[in-house]
Protein chains: 2
Amino acid sequence: MKTNANGLTNRQSLILRTVVEAYIDNGEPVGSKYLCECGRFSCSSATIRNEMAELEACGYLEQPHTSSGRVPTEAGYRFYVDSLLETYNSTASDVERIKNALKEKRAELDQILTQASRLASSLTNYTGLAVRPGQRAGAFCRYEAICLSPRSLLLVMINPDGTAKTRNLRTDFDIDKTDADALARTLNSCIIGLSASDITLPLMMRMEEMCAPSSQLASMAVKCIYETATERNDGDVRIEGVNRLLEYPEYSDTESIAGLLGLGDSKNALLDLVRDSGEGELDDGDDVKILIGSENRLDALGSSALVFKTVKRGGKVVGAVGVIGPRRMKYQNVISMVDSLASGINELIGDDMLLPTSDTERNDGNE
Amino acid sequence: MKTNANGLTNRQSLILRTVVEAYIDNGEPVGSKYLCECGRFSCSSATIRNEMAELEACGYLEQPHTSSGRVPTEAGYRFYVDSLLETYNSTASDVERIKNALKEKRAELDQILTQASRLASSLTNYTGLAVRPGQRAGAFCRYEAICLSPRSLLLVMINPDGTAKTRNLRTDFDIDKTDADALARTLNSCIIGLSASDITLPLMMRMEEMCAPSSQLASMAVKCIYETATERNDGDVRIEGVNRLLEYPEYSDTESIAGLLGLGDSKNALLDLVRDSGEGELDDGDDVKILIGSENRLDALGSSALVFKTVKRGGKVVGAVGVIGPRRMKYQNVISMVDSLASGINELIGDDMLLPTSDTERNDGNE
DNA sequence: TTTAGCACTCTTGCATACCAAGTGCTAATC
DNA sequence: GATTAGCACTTGGTATGCAAGAGTGCTAAA
C-alpha cells in the first residue's frame, strides 16, 4: 500500500474528502453504502468499510455510536481544510462585489466592521464576526476644541488613523473661542503621545497656566481625554446573525446557543484569540485562519469552527472579520468569502482613510 | 355577589393575583389545591375551582389542557399589571444606584443606551432593550473643518444636542487651514437646517464659489454630510442579554429565540412600537409602558412581554430603555427598575450633556 | 353559598417490542 | 494480497400499552 505524504493512500484521502463533504451537505453520519453508491468509487461497500475503519484508527473519522455512519473528527476537518487551502482562491469579482456592498456604508472603521460582520453572516448564512482590538490609551495624535456656547465646548480627539472621537465639555464659567484655541494649543503641545501615568502634577500646572484665565478647562479636558482613551482600549467585538445558526441541528440545543450569545461578554478572550493566531503563524499572517472545534480556547466555540482573516492598515492589524459556524462548515465558500471581505476592507480603509502622515512611514517599528 | 369596578368580586381578584404571582414564580400551571393550601383563602378547593371556572369564563385564566392547573391569559396579566401600576414606586436609592452604574461609562447617548441595555438585562435577568429613534436628516446645527494633512480633512458635524459626528475627507489636491476655514464658513452659512432636497444646483454653485480655490471641497463635504445625516436617520436598537432568557422554559424552543435574535433586523418595527405607544397614551407618556404578548404588533414578541420607558431630553423623546422577558415576568421588580433606569438616564443626559442654548428653553414647543 | 366526593380527562414516565441503518467479521473469490 | 458477499450484532428511533398523578367538573348534601 503506497501512502502519500500525509500517510494516507489516495483512496483513503478520497474517502475522507467525500465523507467530509457529504457530512457538510447533509449533516448526517455517512455510511459505507452511501459512499459506495455515490459513484466516486469502484469498489464495494465492504472495502469502503475496511478503509473507513482504517481512517477511524488514524483519528480522522469517528462514529457517534456503534452502527451509524461516520462523522469527521476535528482532525478530519483539519485534513480536509488543509488540503483545500492550497487550492482556494478568491475571485476578483467577489472582492469587487463585496467592496461595493461595503462601500454604501463607508464610514468609520467601527461601522465598517459592523457592516462586514452582517455581510459575512448574510453571505454565508452562518454567524458573522468582526473584531477590533483595543487601541493604546493616550494614542491621540491631535486635539481640537470648538466652542459651542458660552458654557460648553466640543473636544475633538484625533487618532493617528484619521478617525476622531468627540466629547462635550460643560463648564461652570463662561468661555469663548480664545479659550478653546488656547486649550487646543496646550493639549497639542503638552500631552501628545503621553499615557496617563506620564502626566505629572507639574505638567498639569503648566497646562493650566497656559490655559489661563480659564485654567480649570485644562484639567477637565485631560480627565475627559483620559476617560475616552481608556474606554476605547477595550476593543470591540461584533457578532451578527446568531439566529442563522439556529437552522443547523448542531445548534438546536439551548446550551450551544447560550455559549454563542455569551461570546459578546468574553470580548477579551476573542481579542486574544485573534491576536495570538495572527502572530503565532509562520507566514506573516496574511492568510485566512481556521480554527476548528477545540483548536481555539473558547469553550463556547468548542463545537464550532471559526474562519477569519485579519484586517490591516499600514501594515498593522486593526481588526479581523470572519465567520462562526458549525464544524461542518462550507469551508470552500466561507474561506474565499472571508478572504474577499478582508481584502475589500483593506482596500477601503487603506485607500480612503489613512492619513498620509502615517502612510509614509509604513513600517515604523514602534510596537 | 357584589362585584368591584372591574367586574370581579374581591375574592376573585385575590385568586387571580395569587395565580399570576404563583405562575410567575414557578412557571407551572397552578391548581385549586395549591391555592387552597397557600394560606390566603379560607375556603375549600372546590370553591376555588368554581371561582376559577368563572375567571376562565371572563378570559383571565386558561388551562393548557383539561385537567391541569390554570395559567394567566394576556388579559389576566394585564389585570394584574394594571392593579399593580397604581401602587409601584421606584425608590430614590434605586435611581441613585443605577445612576452611579451608568456614570462610570458616561459618554455619548449611544454608549449610554448600550450600557443601559446591559444594565437592564443584568439587573432583571431578562433581555435588555435600548432604542434610539432616528434623527431628522440634515439636522446638524453647525460644522467645523479641521485640516489634518495636506490632503485630508476632518469634518465635524455638530448636532443640536451637542453631540457630534466626524468624518474624514480625502482630497486629490492640497489644502490648508484657510481652505478648511472657508469650507466651515460656507457650510455654516449655507446648509444649516436644510434637508437634502433643499440643496439646489444654484446653492451648490454658490458654495463652491465661496470655497474657491478648492471649490471641489464643498461638494465633497455636502455629499459626506448628506450620507452621514441619512445614515443616522436609521435610529438604533440595542438588545443585550438574550442568553439570559434561555434559562426560562418558555424560550427553550429555538423558534422563540430565533424571533428574539431577529429583532435586531426589524429595527423599524421596534422604533415604531416605542414611538406609537409613547404618543398614543392619554397621559403625557411619562409612565412605564407595558405590552404583554400580542398587545404589540411584533410576531417575535408574541409570547413575550415588553416593559419600557421613554428617555427624554428637553421634553423630546430621544430614546427608550426597557426589558423583554417572558409574559410571566416579575413585573413588580422590572417596572420599578425600568423606571429608575430611565430616570437615571434622564438626569444624566439632562444635566450634563445638554447644550445651554436649548437648556435654557426647556419647554420650547417645537415637536 | 359552600363543601365533600367521585368520575373523568389528560399528561408523564416507563417498559416493551420492533424496525431500519450500519457496522465488523468470516469465508469465499479475483 | 486485495476484494467481495453474506450474516450476526449493535444501536437509535418510534410506536404501543400500562399505571400513576394531578386537576377538573359535576352532583348531592350541608
Side-chain angles (χ1 to χ4, degrees), chain A residues 1-3 8-16 18-20 22-23 26-73 76 249-250 252-253, chain B residues 1-3 8-16 18-20 22-23 26-73 76 249-250 252-253:
Chain A
M1 52 171 121
K2 49 188 173 184
T3 62
L8 298 182
T9 66
N10 281 340
R11 189 167 62 188
Q12 285 168 341
S13 295
L14 185 56
I15 288 179
L16 180 50
T18 313
V19 169
V20 171
Y23 187 62
N26 308 323
E28 276 165 18
V30 0
S32 58
K33 194 178 159 198
Y34 174 93
L35 289 177
C36 191
E37 288 168 355
C38 81
R40 286 214 225 184
F41 305 95
S42 55
C43 57
S44 76
S45 63
T47 308
I48 293 188
R49 277 203 290 281
N50 289 333
E51 296 285 44
M52 291 214 290
E54 180 80 8
L55 285 171
E56 185 165 357
C58 295
Y60 292 125
L61 293 180
E62 66 186 348
Q63 318 179 251
H65 40 264
T66 329
S67 109
S68 80
R70 254 67 170 212
V71 161
T73 60
E250 31 272 269
S252 59
D253 64 317
Chain B
M1 52 171 122
K2 48 188 173 183
T3 62
L8 298 182
T9 66
N10 281 339
R11 188 167 63 191
Q12 284 170 342
S13 295
L14 185 56
I15 289 178
L16 181 49
T18 313
V19 169
V20 172
Y23 186 61
N26 308 324
E28 278 167 16
V30 0
S32 58
K33 193 178 161 198
Y34 175 91
L35 289 177
C36 191
E37 288 168 353
C38 79
R40 284 214 228 185
F41 305 95
S42 56
C43 56
S44 77
S45 64
T47 308
I48 292 187
R49 277 204 292 281
N50 289 333
E51 296 284 44
M52 291 213 292
E54 179 81 7
L55 285 170
E56 183 165 358
C58 293
Y60 291 125
L61 294 179
E62 66 186 348
Q63 315 179 255
H65 43 264
T66 328
S67 110
S68 81
R70 253 69 169 213
V71 161
T73 60
E250 29 274 88
S252 59
D253 63 318

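Every chain is numbered from 1 and lettered A, B, ... according to where its sequence line falls, protein lines coming before strand lines.
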Suppose we screen for side chain to side chain contact (heavy atoms under 4.5 Å, CB included). Which residues come up paired with [X], at least two apart in sequence or across chains?
X: B:Asp253; result: B:Glu255, B:Ser256
X: B:Thr66; result: none
X: B:Ser44; result: B:Ala46, B:Thr47

From [atom1] of [X] over to [atom2] of [N], roughly how many Å is that when rounded to an integer?
X: A:Glu62; N: D:dT11; atom1: CD; atom2: C1'; answer: 16 Å
X: A:Leu35; N: C:dA21; atom1: CG; atom2: C1'; answer: 14 Å
X: B:Phe41; N: C:dT2; atom1: CZ; atom2: C1'; answer: 16 Å
X: B:Ile48; N: C:dT1; atom1: CD1; atom2: P; answer: 17 Å
X: A:Arg11; N: D:dG1; atom1: CZ; atom2: C1'; answer: 13 Å
X: A:Glu54; N: C:dT23; atom1: CD; atom2: C1'; answer: 16 Å

What side-chain donor-acceptor pairs closer than 3.5 Å can you find for residues 27-39 of chain B, not counting sequence neighbours?
residue : atom : partner : partner atom : Å
B:Ser32 : OG   : B:Arg49 : NH1          : 3.4

Full working for side-chain contact (heavy atoms from CB on, under 4.5 Å) between A:Val19 and A:Met52: CA-CA 10 Å; A:Val19 169; A:Met52 291 214 290; 4.3 Å; yes

Sequence-distant partners of [X], side chain to side chain donor-acceptor pair (under 3.5 Å), two or more places apart:
X: B:Gln63; result: none
X: A:Glu56; result: A:Arg70
X: B:Glu250; result: B:Arg328

Heavy-atom protein contacts under 4.0 Å, nucleotides 21-30 of chain D, coded B base, S sugar-phosphate only, - none: -BBBB-----

B:Leu61 and its side chain to side chain contact (heavy atoms under 4.5 Å, CB included) partner, picked from B:Leu16, B:Val20, B:Val71: B:Leu16

Backbone of B:Glu62 reached by a side-chain donor or acceptor of B:Thr73 within 3.5 Å: no

Qualifying ring-ring contact (aromatic ring centres under 6.0 Å, His included) pairs with a residue from residues 35-63 of chain B, counting only residues at least two apart or across chains: B:Tyr60-B:Phe79

Tabulate protein N/O versus nucleotide N/O from nucleotides 12-19 of chain D, keeping only pairs under 3.5 Å, one per line.
none

Angle of first-five versus last-five pair axes in the helix from C:dT1-D:dA30 to C:dC30-D:dG1, to 10 degrees: 20°

